[in-house]
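Down below is the structure, laid out as structure tokens.
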Amino acid sequence: MSQTQTLYAAFAGHLNAALDALEEAGTLPAGLNRAAVTVEPPRDASHGDLATNAAMVLAKPAGTNPRALAEALVAELTKLPQVTGAEVAGPGFINLRIADAVWLDELRALAELGANYGRSTMGGGSTVNIEYVSANPTGPMHMGHCRGAVVGDALASLLEFAGHKVIREYYVNDAGGQVDVLARSVHLRYREALGETIGEIPEGLYPGDYLVPVGQALVKEFGDSFAAAPESEWLPAFRTRAVAAMLVMIRADLALLGIRHDVFSSEAELQAARKPAEAEVWLRARDLVYDGELEAPKGKVLDDWEPVALPLFRSTKFGDDQDRSIKKSDGSWTYFGADLAYHFQKAQSADALVDIWGADHAGTVKRIKAAVSAMTGADGTPTPFEVKLVQMVQLLRNGEPVKMSKRSGNFVTLADVVSEVGKDVVRFTMLTRKPEAQMDFDFAKVVEASKDNPVFYVQYAHARIRSTLRKGAAEGLAPSAAHIDRLGKEELELIKFAAQFPRQVEAAAAAREPHRIAFFLGDLAAAFHAYWNVGNDRPEKRFILAQDAELSGARLFLGAQIGQLLQSGLALLGVEAVEEM
RNA sequence: GCGCCCGUAGCUCAGCAGGAUAGAGCAUCAGAUUCCUAAUCUGGGGGCCAUGGGUUCGAAUCCCGUCGGGCGCACCA
């Protein structure tokens, strides 16, 4: 079951009908472009329930003045039974007041749709592949990965809710040189497990303790047969074992945050299947790959730089600053060479691609977008492809920057932070700012201030509602829609706020900005808390009224729906809606 | 030098494809608890939306320049 039309969309329809009527009457020339006409709630609630800019937008092309047009439109809109008031304001806004019955209908719709209220058909069932996390399989997840993981996961849920099929994908970079480094680091741990004294981990290898059990497992599997063997004999086996072990760890870390991917794609398998080679052939046939030399990098001096002929992809043809090599001089694939084939492969099974990347990869966005355009656009329209850059999280400890590096073994793991402050705090914190803004995450501060975290504010609203429903039930009072027409002004304000959820979902999904849901929930919780507190001074405004079961039932009904909405919204963010606090 | 992102209250940040008097949390000041969960609520103070121009009925929002901060500029990943 899905919601087919929001209340706001319905009024956009009414407005269009009114404009049609004006056209027929000759007040308005036919065929004006109405694309810029909006129907939305005014910033200031005292202006009414809905506002439209139609008169201001259309006045000029219609050759009339905004206020005159607005008056005519008001006369038309007033005919609607749902409209109880319409007036012209300011430079030509039309403010509408909507009949209470319309809002009460919306409340009933919320109850009927339950967890599906706000679900949209906007996506039209098209498939979006969203790639996120994709951390290198060389160690546990650390806080630097966390933001992209949470944002990607929440976005995936949001797009699903907005009517897309979603594939959640993790690209495993298991083909590069860093995996050799990992394998060598593991070999050292393997020798250690055999009883050798390995001393300090040499510079350049991964020093983390998390490799100790991997070494032990390899002893169990291979005994001591590789202890003194040359690297070429053990490297391939150690690579695959080590990567597999790292992925087990990474999945466990992600699970702590409630994150699960549908697909793990391996770069090594991609190469073994010769996908990059196929891509090269295909691109060469279209003169999109040629042999050439790269310019020396600007802005820094490399002593060992010298021009070499390499197969280059013509990314400049698609807006990049430089053509990019797809192979190294030793004949192996560059990261880009494989990534290009990978994206082409993804495009086969999805209508649109979204990548969530850390901002440190910003420099490679143009080339991969160029590659996707080139490869998917050859016969028809290119597959829509967006890269969302998630800015770095600067990790602080008491205001001091913490340098993080897997090489040095000095990093704060995601698991540490989650066990310290909890999944919900981590997730909500990451979702209460837009991803492209830089962010400080002071470990000490977050731990210390976790009680003030906004996530609890939202959860508390939900817990309050659940508690009230339990208490009502204990007193024989159940939520009921039978008398919701007795709800008053304060209750209607709450309904009006809640009714914005569907359009918030669509706007957030269209913008690929899950953080908007977090802010909406904060505002909804605030509206609820404020309403609740009215009952402190005025006992007749409480939910539980032993002397008036009808009104009590109506208020509990409203409360139940607000609770449901909080739960739906939190579910999109992957945060628990708790029963009590 | 070039590319991308950011600059809004003391601090952390929203600002919904340009709308009406720029908002919230924290901090601060003044209040509310014999009462359904006070992890809450009510109110006050606090702003040259970095800056200069442009676009138009209208700009924090779009365009250009400048300044400041971050990230990147390999055949790394």
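In what follows, every heavy atom counts, from backbone to side chain, and hydrogens, waters and symmetry copies are set aside. Quick caveat: nothing in here was measured; it's all calculated off a predicted structure. Residue numbers begin at 1 in each chain, while the letters A, B, ... track the order of the sequences.
Taking the centre and axis of the six-membered ring of Phe313(A), the NZ or CZ atom of Arg324(A) falls outside the cone set by 45° and 6.0 Å.
Toward the 5′ end of RNA chain B lies the nearest nucleotide of Val57(A), the other residue of the pair Val57(A) and Glu579(A) mapping further downstream.
Contact of Asp174(A) with rA77(B) (side chain to base): no donor-acceptor pair of N or O atoms is detected under 3.5 Å. At a cut-off of 3.5 angstrom, the base of rC36(B) holds no donor-acceptor pair with the side chain of Thr468(A). Within 3.5 Å, no donor on the side chain of His515(A) pairs with an acceptor on the base of rA14(B), nor the reverse.
Summarising the geometry, the separation between CZ on Arg538(A) and C1' on rA32(B) is reported as 15 Å, rounded to the nearest angstrom. Rounded to an integer number of Å, the gap from Asp360(A) CG to rA77(B) C1' is 9 Å.
To the nearest whole angstrom, the two C1' atoms, one in rG15(B) and one in rA22(B), are 8 Å apart. Using atom P as the reference point in both rG47(B) and rA9(B), the two lie 10 Å apart (nearest Å). Between the C1' atoms of rA14(B) and rA24(B), the separation comes to 7 Å (whole Å). When the C1' atom is used for both rG7(B) and rA38(B), the distance is 38 Å, rounded to whole Å.
Looking at Glu491(A) and Lys541(A), a side-chain N of the basic residue comes within less than 4.0 Å of a carboxylate O on the acidic one, giving a salt bridge.
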